[in-house]
Visitor: 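Dumping the structure here so I can ask a few things about it.
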Amino acid sequence: MSNAFDDVIGANAAYARDFASAGLRPAAARGLGLVTCMDSRIDPLAALGLEVGDAKILRNPGGRVTDDVLTALVLSAYLLEVERVLVMPHTKCKMASVSSDDEVHDLIKREHGVDTRSLEFHTDNDQMGALRHDLERVRHHPLLPKDLPVAGALYDVDTGRAELVDA
């Protein structure tokens with residue numbers, strides 16, 4: 001009997017045979033906290049020259065700094081040796097291509113018949129404005145270290161380049 005997950009569990013078996021990351025500390029070895037989008041075109045480790053264990057990577061739609069992301073950053077800063085934060089949305093992001101959460105709710109309702117109005121998607125078609133807003137949320141969060149370096153970058157899904165836009 002075939003399972004919807006046979007491919008990924010099979011791939012994991014091959015991965016586990018050669019697993020070389022046993023014993024890594026749970027801390028961010030390079031002190032980086034990265035907030036980026038859940039988009040599957042982004043390979044954050046490769047894109048930023050990182051290895052497994054180097055960073056705490058927080059992914060969500062649009063790479064937005066939500067309350068949950070702030071909670072994770074507080075934990076990361078005090079318990080997991082995160083000493084700097086990079087917020088990195090990307091080009092051609094669906095969450096930046098719509099004008100409002102209402103537009104996403106309407107689209108899902110129309111195409112799939114599901115009412116998602118109990119959810120907040122944090123859409124914003126002013127991607128640079130949203131990034132500046134999110135950086136300020138991190139920089140001024142009362143529970144994060146006052147001297148925590150925080151920067152923004154835009155990742156280009158067509159070139160693989162990440163360009164600092166606010167450091």
Visitor: Can you list everything that forms a salt bridge (charged side-chain N to carboxylate O under 4.0 Å, His left out) with Asp158? Sequence neighbours excluded, please.
Guide: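 Salt bridge (charged side-chain N to carboxylate O under 4.0 Å, His left out) check on Asp158 returns Lys92.
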Visitor: Same cluster for Leu24 and Leu34 if Ile/Leu/Val/Met/Phe/Trp/Tyr side chains link at under 4.5 Å?
Guide: yes
Visitor: Using the rule that Ile, Leu, Val, Met, Phe, Trp and Tyr join whenever any side-chain heavy atoms are under 4.5 Å apart, tell me whether Met95 and Val35 fall into a single cluster.
Guide: no
Visitor: Look at the side chain of Asn60 and the backbone N and O of Arg64, then say whether any donor-acceptor pair between them is shorter than 3.5 Å.
Guide: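 It does hold such a pair.
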Visitor: Could you tell me if Asp101 and Thr123 have a donor-acceptor pair between their side chains, going purely by distance under 3.5 Å?
Guide: yes
Visitor: Sub-3.5 Å donor-acceptor pair from the side chain of His112 to the main-chain atoms of Val114, do we have one?
Guide: no
Visitor: Go through the steps to decide whether Asp166 and Arg139 satisfy the test salt bridge (Lys or Arg N to Asp or Glu O under 4.0 Å), and finish with yes or no.
Guide: CA-CA 12 Å; Asp166 186 332; Arg139 288 175 177 144; 3.0 Å; yes
Visitor: Between Phe121 and Thr116, is a side chain to side chain contact (heavy atoms under 4.5 Å, CB included) present by the stated rule, with each step listed?
Guide: CA-CA 10 Å; Phe121 297 123; Thr116 59; 3.8 Å; yes
Visitor: Return yes if some donor-acceptor pair links the side-chain N/O of Thr36 with the main-chain N/O of Met88 below 3.5 Å, else return no.
Guide: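 Judged by distance alone, yes, a pair lies under 3.5 Å.
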Visitor: Quick check: does any side chain N or O of Asp134 sit under 3.5 Å from a backbone N or O of Val65, one acting as donor and the other as acceptor?
Guide: yes
Visitor: Given the rule that I, L, V, M, F, W and Y join up when any side-chain heavy atoms are under 4.5 Å apart, are Val87 and Val82 in one cluster?
Guide: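 In one cluster: yes.
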Visitor: Assigning hydrophobic clusters by single linkage (Ile, Leu, Val, Met, Phe, Trp, Tyr; side-chain heavy-atom cutoff under 4.5 Å), is Met38 placed with Leu48?
Guide: no
Visitor: Give a yes or no answer on whether the side chain of Lys56 reaches the backbone of Pro26 with a donor-acceptor pair at less than 3.5 Å.
Guide: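 At least one qualifying donor-acceptor pair exists.
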Visitor: How would you list, by chain and number, every residue that makes a side chain to side chain donor-acceptor pair (under 3.5 Å) with Asp106, sequence neighbours excluded?
Guide: Arg117
Visitor: Salt-bridge test for Arg30 and Glu51: reply yes if a basic N is under 4.0 Å from a carboxylate O, no otherwise.
Guide: no
Visitor: Among all residues two or more places apart in sequence or in another chain, which pass the side-chain contact (heavy atoms from CB on, under 4.5 Å) test with Leu45?
Guide: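 Leu45: side-chain contact (heavy atoms from CB on, under 4.5 Å) contacts with Asp43, Leu50, Val52, Ile57.
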Visitor: If only atom types and distance count, is the side chain of Gln127 paired as donor or acceptor with the main-chain N or O of His90 below 3.5 Å?
Guide: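 At least one qualifying donor-acceptor pair exists.
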Visitor: Should Leu131 and Val85 be counted in the same cluster of Ile, Leu, Val, Met, Phe, Trp and Tyr side chains packed under 4.5 Å apart?
Guide: yes
